[in-house]
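Please read the structure below before turning to the comments.
By convention in this document, chain letters (A, B, ...) are assigned in the order of the sequence lines, proteins followed by strands, and residues within each chain are numbered from 1.
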Protein chains: 2
Amino acid sequence: MKLTSKGRYAVMALVDLAKFDNFNPVSLRDISLRQGISLDYLEQIFSKLKKNEIVKSIRGTHGGYVLNKNPNDIKLTNIFHAVDEKVKTVQCKKESKKGCNGKSTKCITHNLWDELEIHINTFFENKSLKDLINNNKETRV
Amino acid sequence: MKLTSKGRYAVMALVDLAKFDNFNPVSLRDISLRQGISLDYLEQIFSKLKKNEIVKSIRGTHGGYVLNKNPNDIKLTNIFHAVDEKVKTVQCKKESKKGCNGKSTKCITHNLWDELEIHINTFFENKSLKDLINNNKETRV
DNA sequence: CTAATCTTGACCATTTTAGTCAGGTATGTA
DNA sequence: TACATACCTGACTAAAATGGTCAAGATTAG
């Protein structure tokens, strides 16, 4: 199971981005300064977000990024998937002689991890960027 | 967030153990062979399980381990906690000048990870070793 | 033209993971 | 008492993942 800072940074950056309208692109430099994330690292992350059509890029001076979708339609699942955060629990090695497939029976914890994965994914599928923005406003008071 | 094979092995071994009565201790060697887990690694894991009073050890010939509690009272939370699997999402660095605490506002994703953590922990608190044993019987047919 | 910005890919130090290895110590059995 | 079985402990390590940095370009507004 993986949920690392790359995923967290992606979410932070997108929430930041979502606060602006779609006519003035936001530069990574600004996000970097506001969120305290290394610019070079942000570039890697946004490259992936763009490939997954979550953001659009505008090149050149005063360029930057804008959201490519309505914040309500960007689910956390989409974001994590884009930056390769697999919400996957430890898998039984499928090729191995040992464990899950070497024996006639299924590995005894197999169903457990399946269940957990569904549990977590459901959580992420039901959370959108918009939820986070609202949530943030509330707690900022 | 961490959920690695150490946690999975612990669960596999305990489910294995739970299939036997508490009068005949089960040796790690047997578990090692049945589950395909390195004996040396199992010893590390069981050392921790013992410290957390999840299993009892019997030394000497024909020794081994037995459960120290009713399978119904051993929750997955207990097991993961015992082997240091922290069900923790990526934290904002508390000391850092950047991110969460360097600014006057809370990091914008802070609440999200809190929520997720609760979500996952709830899942593990509600699953006991007994649930896994039953589940395993069903799917074995 | 040039400065700002996105784009791409290679590189790397550190930490974590998933163990191995090498010795113990305790105890039942012959 | 000897010995085999099994627990116990700590040090060590190869490989992978993490969280970046660095360098060199391509694009476009002004």
Side-chain angles (χ1 to χ4, degrees), chain A residues 1-10 12-13 17 23-33 35-52 54-66 68 80 83-86 88-93 96 98-99, chain B residues 1-10 12-13 17 23-33 35-52 54-66 68 80 83-86 88-93 96 98-99:
Chain A
M1 171 124 194
K2 270 176 32 179
L3 262 186
T4 66
S5 66
K6 187 172 279 185
R8 192 177 112 236
Y9 287 165
M12 286 169 73
L17 200 58
F23 304 104
N24 299 308
V26 179
S27 74
L28 293 190
R29 207 178 70 89
D30 287 354
I31 296 179
S32 165
L33 290 172
Q35 302 300 330
I37 305 168
S38 137
L39 176 60
D40 286 311
Y41 203 29
L42 269 183
E43 286 176 343
Q44 281 182 43
I45 292 169
F46 270 77
S47 160
K48 292 179 177 184
L49 292 175
K50 191 191 164 187
K51 268 182 201 140
N52 284 264
I54 291 170
V55 295
K56 272 186 299 191
S57 69
I58 290 99
R59 307 186 76 165
T61 320
H62 300 306
Y65 288 92
V66 291
N68 198 20
F80 288 137
V83 296
D84 297 320
E85 293 273 39
K86 312 260 193 244
K88 285 232 149 195
T89 49
V90 224
Q91 291 298 337
C92 314
K93 288 167 204 155
S96 171
K98 302 170 171 186
Chain B
M1 171 124 197
K2 270 176 31 178
L3 262 186
T4 65
S5 67
K6 186 171 279 184
R8 192 177 111 235
Y9 286 165
M12 287 170 72
L17 201 59
F23 303 105
N24 298 308
V26 180
S27 73
L28 293 190
R29 207 178 69 89
D30 287 356
I31 296 179
S32 165
L33 290 173
Q35 302 299 332
I37 305 168
S38 136
L39 176 59
D40 285 310
Y41 204 30
L42 268 182
E43 285 178 344
Q44 283 182 39
I45 292 169
F46 270 77
S47 160
K48 293 180 175 183
L49 292 176
K50 191 190 165 188
K51 268 181 201 142
N52 283 264
I54 291 170
V55 296
K56 274 186 298 194
S57 69
I58 291 99
R59 306 186 74 160
T61 319
H62 300 306
Y65 287 93
V66 290
N68 197 22
F80 287 138
V83 296
D84 298 320
E85 293 273 41
K86 312 262 193 244
K88 286 231 150 198
T89 49
V90 224
Q91 292 297 338
C92 314
K93 288 167 202 153
S96 171
K98 302 171 172 187

Worksheet, complete the sentence: Rounded to the nearest 0.5 angstrom, the OG-CD1 distance for A:S27 and A:I58 is 11.5 Å
Worksheet item: CZ of A:F23 versus P of D:dA29: gap in Å, rounded?
Response: 17 Å
Worksheet item: Atom NZ in A:K56, atom CD1 in A:I54: separation rounded to 0.5 Å?
Response: 14.0 Å
Fill in: Rounded distance (Å) that lies between atom P of D:dA6 and atom CG of B:L42
14 Å
Worksheet, complete the sentence: CD1 (B:I31) and CD1 (B:I45) are apart, to the nearest 0.5 Å, by 10.0 Å
Item to complete: Could you check how far CD1 of B:I37 sits from C1' of C:dT17, rounded to whole Å?
Response: 15 Å
Worksheet item: Does a nitrogen or oxygen in the side chain of A:T4 sit under 4.0 Å from OP1 or OP2 of D:dA17?
Response: no
Response to the item:
Scoring nucleotides 1-9 of chain C by protein non-hydrogen atoms under 4.0 Å (B base, S sugar-phosphate only, - none) yields --BBSBBB-
Practice prompt. Rounded to the nearest angstrom, tell me the gap between atom CD1 in A:I45 and atom C1' in D:dT18.
Written response: 12 Å
Discussion item. Any heavy-atom pair between the side chains of B:L17 and B:V66 that's under 4.5 Å?
Written reply: no
Fill in: Euclidean distance, atom CE of residue A:M12 to atom P of D:dG19 [Å, nearest integer]
13 Å
Discussion item. Is any side-chain heavy atom of A:S57 closer than 4.5 Å to one of A:Y65?
Written reply: yes
Worksheet entry | For A:S38 against A:S32, the heavy-atom pair lying closest together | C-OG, 4.2 Å
Worksheet item: According to a strict under-4.0 Å criterion, is A:S38 in side-chain N/O contact with OP1 or OP2 of D:dT21?
Response: yes
Item to complete: Using only side-chain N and O atoms of A:Y9, determine if any of them is under 4.0 Å from OP1 or OP2 of D:dG20.
Response: yes
Worksheet entry | Between P of D:dA17 and NZ of B:K6, the distance in whole Å | 18 Å
Worksheet item: Just how far is it from atom CD of A:Q44 to atom CG of A:L39, taken to the nearest 0.5 Å?
Response: 11.0 Å
Item to complete: Grab the CD-P distance between B:Q35 and C:dA18 for me, whole Å please.
Response: 17 Å
Discussion item. Just the rounded figure in Å: distance from C1' of D:dT18 to NZ of A:K48.
Written reply: 12 Å
